[in-house]
Number of protein chains: 2
Amino acid sequence: MRRGMQKAKGISLIPVPLKDEILPGDNLAEKLAGGLHHQKAELISSDVVVVKHKIVSKAEGQLVQLDAVKPSARARAWARQAGVDARVVQLVLDESRSVLRKKVVAGRGVLITETHHGFICANSGVDVSNVDGGVKAVLLPEDPDRSAARLRAALQKKFGVSVAVIISDSSGRPWREGLTDVAIGVAGMKPLIDYRGKRDPHGYELHATAAATADEVACAAGLVCGKLERTPFCIVRGVSYQAGKGSARELVRKSENDLFR
Amino acid sequence: MRRGMQKAKGISLIPVPLKDEILPGDNLAEKLAGGLHHQKAELISSDVVVVKHKIVSKAEGQLVQLDAVKPSARARAWARQAGVDARVVQLVLDESRSVLRKKVVAGRGVLITETHHGFICANSGVDVSNVDGGVKAVLLPEDPDRSAARLRAALQKKFGVSVAVIISDSSGRPWREGLTDVAIGVAGMKPLIDYRGKRDPHGYELHATAAATADEVACAAGLVCGKLERTPFCIVRGVSYQAGKGSARELVRKSENDLFR
């Protein structure tokens, strides 16, 4: 019997809403356990746990009180031009290694930056959010791979299962409208699967480059996570991924191979 | 009871492998019906049917015998520089409105083009593939929205259900390694969901731009479709999408709003 004619294995996306807001110092493994309990759902080995970076940042205290930020002349100049808060602009610059593009598009100022981690994104991933009753800036986690590895270890300890963890962020894209989610932190899986050199059912060599599996999983989870409902977690079950040590930095194209820097 | 605490609705990705290769003139609704039957799976209203563009192109005869292509001097010059087949380069140029970037990266020549449809992609989406025993170039469907609408109508007629249809393509991305799938044809759904102006659980306005729902669904389906096994279809069940007339062209950012053209 040919493989294609067996019952094909599907994938399930299981959203895990939380009751409470995440606050600095919270234990995300405990929060996920509580959410799973409410859903009468469980975690099994080889699941991928996707978590929106915002609650990771909040739990890790990656928050800045805007009143405490003193914007530079550079930040103030751009803020005036772009019609945005100069204190937020200052944080965006502080969180960046370089600015790739700077433009007012449809009345809205956008800075495309390279973060200290090496990610290219809008506004260095700095978000302004209501946290514990006050408005604060939420930064990306300091080291999202490390955050993912910690959550993975805590889940292994708590549930006795070996899962992969992806920390996701919503991201805009050149040429295309609308946001999709990408992986900014990874643990327990290789983020890319390389099909080069493998052969299709005709024996023809597949010359495509690797598949960005971790981004595909993050993007899929984005269908249920982080929209209006408070659903920062999604369990993705049934994905064929390569277990092992991986880093989201493998998903970042080297500058010299990039046609758009 | 707060919405977040009800049992959250999940999403299923159901791969539908096919036994046979798709050939020009094939009826994709019939092929999908056969595949579903083998899987003991069915189609229900509000499912999203994702199909890889390659079998749509094959069924529609969007194929070119390479021997029939006479490359121009321009195509031959680039082919020499990039170490690729000049006849394929000629097709890439024929299928394009403009060339955005042209570079040899890691020993491999890449042309980033704007297709006649308006999509920005590598090599105008032209692929070289083993078709019916011979090597042929596979072009993108002439009008992927129309192809999606036709498949949708045929499925409605055959199964009596109202589904959405997405035609997907694997695509590289600036700044990030690895391919992910995007929607190049859409029927029966709005490809973008606009959350602007809506409020999060704190009453704080969500200022993110729209979510690219059709791309998220295509990307999720990419986890099961079009890899080594012959699985060109995926049923995505449980997605919250806005039904209605939509076009994949809504996902293409207008040139004047794009920071990377």
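We name chains A, B, ... by the order of the sequence lines, and we start the count at 1 in each one.
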Worksheet item: Measuring heavy-atom distances to chain A, does E114(B) have an atom under 4.5 Å in its side chain, in its backbone, in both, or in neither?
Response: neither

Practice prompt. Would you check if the side chain of R101(B) reaches a backbone N or O of L259(A) as a donor-acceptor pair within less than 3.5 Å?
Written response: yes

Worksheet item: Does a side-chain N-to-carboxylate-O contact under 4.0 Å join D181(B) and K52(B)?
Response: yes

Worksheet item: With chain B, which of A218(A), P15(A), A220(A), S12(A) has the greatest number of heavy-atom pairs at distances under 4.5 Å?
Response: P15(A)

Discussion item. Taking every non-hydrogen pair under 4.5 Å, which of V182(A), I11(A), V236(A) racks up the most with chain B?
Written reply: I11(A)

Item to complete: Mind ranking T213(A), I112(A), L100(A) by heavy-atom pairs under 4.5 Å with chain B and telling me who comes out on top?
Response: I112(A)

Practice prompt. With a 4.5 angstrom heavy-atom cut-off, could you sort out which part of V217(B) is near chain A: side chain, backbone, both or neither?
Written response: both

Discussion item. Using a 4.5 angstrom heavy-atom cutoff, name the option from G172(A), C219(A), P191(A) with the most pairs to chain B.
Written reply: C219(A)

Item to complete: Quick one: which of P174(B), G35(B), G10(B) has the most heavy-atom pairs under 4.5 Å with chain A, could you say?
Response: P174(B)

Worksheet item: Of all residues at least two apart in sequence or in a different chain, which pass the side chain to side chain contact (heavy atoms under 4.5 Å, CB included) check with A212(A)?
Response: L192(A), D215(A), L251(A), R173(B), T180(B)

Worksheet item: Atom CZ of R249(B) and atom CG of D145(B): how far apart are they, to the nearest 0.5 Å?
Response: 6.0 Å

Item to complete: Examine the side chains of S96(A) and S124(A) and answer whether a donor and an acceptor come within less than 3.5 Å of each other.
Response: no

Worksheet item: Counting only N and O atoms by type, is there a donor-acceptor contact under 3.5 Å from the side chain of R230(A) to the main-chain atoms of K19(A)?
Response: yes

Worksheet item: Is it the side chain or the backbone of I235(A) that comes within 4.5 Å of chain B heavy atoms, both, or neither?
Response: neither

Worksheet item: With sequence neighbours excluded, what pairs up with F233(A) under the ring pair (Phe, Tyr, Trp, His ring centres under 6.0 Å) test?
Response: none

Fill in: V239(B) versus chain A, the contacting section by heavy-atom distance below 4.5 Å
side chain

Response to the item:
Per-residue tally against chain A (heavy atom, under 4.5 Å) across A183(B), A122(B), G118(B) peaks at A183(B)

Item to complete: Look at R253(B) together with D258(B) and state whether they make a salt bridge at an N to O cut-off of under 4.0 Å.
Response: no

Item to complete: Could you tell me which portion of Y241(B) (side chain, backbone, both or neither) has an atom closer than 4.5 angstrom to a non-hydrogen atom of chain A?
Response: neither

